[in-house]
Protein chains: 2
Amino acid sequence: MSSKKTITIRDVARAAGVSPGTVSRAINDSPLVNPDTCEHILQIVQEMGYRPNLMARRLSTGKTLAIAVIVPFFTRPSVSERLNGAVSLLTESRYDLVIHNIETTEHYENCFVKIPDRNQADGVLIISLSPAEPEAAQLADADVPIVLIDADHPALNMLHRVTVDDVEGGRQATEHLVELGHRRIGFVGDIIENPFNFGSSRDRFLGYRQVLEEAGIPFRPEYYVENQHGRQEARESAHKLLRLPQPPTAIFAASDTQAVGVLEAAMEAGLGVPGDLSIIGYDDIELADILQLTTIRQLLFESGRRGVELLLDALEDASKEPVHEVLPTELVVRSTTAPPLPNQGG
Amino acid sequence: MSSKKTITIRDVARAAGVSPGTVSRAINDSPLVNPDTCEHILQIVQEMGYRPNLMARRLSTGKTLAIAVIVPFFTRPSVSERLNGAVSLLTESRYDLVIHNIETTEHYENCFVKIPDRNQADGVLIISLSPAEPEAAQLADADVPIVLIDADHPALNMLHRVTVDDVEGGRQATEHLVELGHRRIGFVGDIIENPFNFGSSRDRFLGYRQVLEEAGIPFRPEYYVENQHGRQEARESAHKLLRLPQPPTAIFAASDTQAVGVLEAAMEAGLGVPGDLSIIGYDDIELADILQLTTIRQLLFESGRRGVELLLDALEDASKEPVHEVLPTELVVRSTTAPPLPNQGG
DNA sequence: ATGAAAGCGCTAACAG
DNA sequence: CTGTTAGCGCTTTCAT
C-alpha cells in the first residue's frame, strides 16, 4: 500500500512538541540544540520514518549536493575504469553522482555550457574529453569547480586536471621496440581529427615520432594508420600495414583494445607473435594481462579517484590555484614483444 | 570572471515587462500564452542567458526529474554493460541519471529504503541485486516505481523486472557439454550464500544439476567449486578440480570472466583446450569473442535498455500491472569445447 | 492571455 | 537553547 502521506518537518515538529527550526537543527546535528531535545527529536524522526525532502533542502541551501560527471560513451574499458575510480570515492562522500553520457556531437556541443551550471551540480568532473577553444572558454568561466581527467588541450591550463603524459608513454613504447632492435615500426591509432578531441592517440603518436627521430629512423607515412577506435577497426588497420611490400616488424597500438585487433590480424596473416611481429599496447587494462600483452600502464582507476579528490578540495576552497597533476606511465613487458628475426633486419 | 549573479525568473520577467508567471508558462511552452509574447520572452531568455533553477522547479513540481540506478560495483563487465544500455536510453530522456554504487554490506542494507524515496528520485532501477525478504518488502511499498534487472527472488513478484532464465542458460551450457559426450563435468561458480544475493550463479548451477540428472549422470560434489567472483579465484577453483584423482573433462564456468580463469588454470596444468579440457562460459562479453570462448550469450546491453523502457512506462502510468520480461539466452559455440578424448571416457 | 499570490519543504537569521 | 519569520526560485491556481 503506497498510501504514504508525504511527511514533512512540520509534522515531526508538531509530534515532538518543538518548532520546525529545532527539528532542522537536530537532524543537521547543529551544536546549538539541547542534547536531550535532540535525542527526543531523533527518536520521533525514527518512529515516523521521516526523511527530509532533498529538493527543498537544496533549494534552501543553494547547494545541489550533486556532482556531475561527463563521460564519452563509457563502453571503452579505459574510460569505464576511470569512472569507476571516481565513483568509488564519491560513494563515501555526501554528494550524489549524476552521469552525463556524451554520445553524439550534439551532446558534446551543449554539455559544456549546460552541465557546469550552479543549479545543476556543485562541481563537474570531465573524463577523457578535451574541449578546445570555444568550449574551453565556456568552461573557464563556469560558475562551479571543474576537474578534467585525461584532457590535454593547452586552452585548459586554468582548470584543475589530472592527466598522464601520453607523449612520454608513446616514447616508452617506441623506445622499448627500438631497443629490441626494431627499425620498421608501425603505428595503429585513432583518427586524430575527431569531434570529441580525444587527444591521447595523437600524443602517443608524437612520442613515437620523437623516438624514431632520435634513433635516426626515418618516419614512413605508410607505417601510420588511423581509424575509428575499436578492435575491428584496428584489425583492418593492421592488415593494411601487414600487406605492405615491406611490412613493419613491430606495431605500436594506441590502446590495448586496438592491440588486440592487431594481434588478431597477425594471426590471420599467419604471423607469429612476437616472432614475426612484435605488438605493444597502451593502458594495461585487464585484457592486457589475460593476453600477456606488452603494454604501457597508466593509472586509470587512480586518475578517477584523484580527480574526485581535487574536485572535493575545490568544493571546499573554491579560489584555489589550478592543480595539474600528471600521473606516471610504466612499461610492462609481457610476451608480445621480442627482437625482430635476423632475416628481417632493418 | 565568475562574477555572474544568479539570474532568476523575476529578472527575466522584469526585463520582458511581464509577470514571472508568464515567463514560467513561456519557458514550459504552455499553450495559454500569446505566441508573440512567448517569442519575445524566449528572446530575452536567450539574451540574458537565463537557465531556470532546477531545484526550485523540482521542489515546486514535486518531481525530481531524476532516476536512480543502484548497481553493485560496476567493475564487472556484465554489470557495466547493462548499465550502459540503461544510460544509452536515459540520455535521450529528460531524466537525470544518478548512480548509487553498492560496495559494502552497509550500503546494501540502507539503499533499498533510502533511494526509492519520492524526494530522491522519480523512479529506481536496480541492477543485478536480488533483495530477499526484508528488503523486498521495503521495495514493495516504496513510493516510486521500481524496475529490477537481473533479479530473481520470488519475493519480487510484484515488481517490474527484466531477467534472463539462468536455469535455462545453465541447462543449455550443460546440454552442450553432455551432447559432446562429456560425463565428467565440473562447475566453477560464485559463492552462493553472498551478502548481495547475486543469484545467477546459483541458477546456472541448478540448470547444470537438472541436465546431469536427466542424462543419468550422478552429481559429484567434488566437481562443484564455489569461490568469490573473479578471474584469479576461478583459476584457483579450477586447479582444485584439475588436481582431482579423476578430474573433469569439461568445466562450466558461471561467467566468462571465470571461464578465463579456468582457461589459465588449464594452461598452467599443461592441458590442451579443448582437447584435454572443454570450457564453457556465460555472458558472451567481448572477451569471449576475443578468446574464442564457447559461451551462453545473454542480452546484457538490451536488458538495461529494456529496464529503462519499463521504468519510463511506469512513470507515465504508475498503476500498472507488474511486467516481468525474460530475455532469451543462446548457446554460442566457439573453440573451447569439443568431445572428450576417447581415452578419458566417462 | 496575463497578473497576483500562495506555497512546495526546508534552512538560517534574528529575537528572545 | 529555541521559536518565529522570511525567503530559496519556481509553478500554479485563481482572478481578471
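In what follows, every chain begins at residue 1, and chains take the letters A, B, ... in the order their sequences are listed.
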note: D29(B), atom CG; dA1(C), atom P; distance rounded to Å ~ 15 Å
(message) Salt bridge or not between E309(A) and R306(A)? Use side-chain N to carboxylate O under 4.0 Å.
(response) yes
DNA chain D nearest-nucleotide lookup for R25(B) and A56(B): closer to the 5′ end is A56(B)
Subject >> Derivation and outcome, side chain to side chain contact (heavy atoms under 4.5 Å, CB included), residues N53(A) and T8(A) >> reply: CA-CA 8 Å; N53(A) 181 316; T8(A) 79; over 6 Å; no
Rounded to whole Å, CG of L59(B) lies from P of dT11(C) at a distance of 12 Å
Checklist entry - Does dT11(C) have OP1 or OP2 sitting under 4.0 Å from an N or O in the side chain of S24(A)? => result yes
_Residue pair E47(A), Q43(A): steps toward the side-chain hydrogen bond (donor to acceptor under 3.5 Å, both in side chains) verdict_ = CA-CA 6 Å; E47(A) 286 168 12; Q43(A) 173 82 22; 3.1 Å; yes
Whole-Å distance, M55(A) CE to dT11(C) P, equals 14 Å
Comparing nearest nucleotides in DNA chain C, the 5'-proximal residue of the pair N28(A), T37(B) is T37(B)
By nearest-heavy-atom nucleotide on DNA chain C, the more 5' of V23(A) and L32(B) is L32(B)
Practice prompt. Could you tell me whether G62(A) contacts a base, only the sugar-phosphate backbone, or nothing, with contacts defined as non-hydrogen atoms closer than 4.0 Å?
Written response: nothing
**OP:** Taking only the side-chain nitrogens and oxygens of N53(A), find out if one of them lies under 4.0 Å from OP1 or OP2 of dC8(C).
**Re:** no
Quiz prompt | side-chain N/O T22(B) vs dG3(C) OP1/OP2, d < 4.0 Å | solution = yes
Here the distance between atom C1' of dA1(C) and atom CD of E39(B), to the nearest Å, is 16 Å
- Query: Short question: side chain of T61(B), backbone of R57(B) - any donor-acceptor pair under 3.5 Å?
  - Reply: yes
Contact span of DNA chain D against chain A, any nucleotide atom under 4.0 Å from a heavy atom, 5' to 3', runs dC1(D) to dG9(D)
To the nearest angstrom, the CG-C1' distance between D117(B) and dG9(C) comes to 13 Å
**Report entry** I127(B) side chain near I70(B) side chain, heavy-atom distance below 4.5 Å
**Finding:** no
Rounded to whole Å, the CZ-P distance (R14(B) to dG3(C)) equals 14 Å
Here the distance between atom P of dA5(C) and atom CD1 of I9(B), to the nearest Å, is 17 Å
**Prompt:** Quick one: is T61(A) getting a side-chain N or O under 4.0 Å of the dA12(C) phosphate, OP1 or OP2?
**Reply:** no
Check: D36(A) main-chain N/O paired with N34(A) side-chain donor or acceptor under 3.5 Å = yes
Between F112(A) and the options I126(A), V124(A), I102(A), the side-chain contact (heavy atoms from CB on, under 4.5 Å) test singles out I126(A)
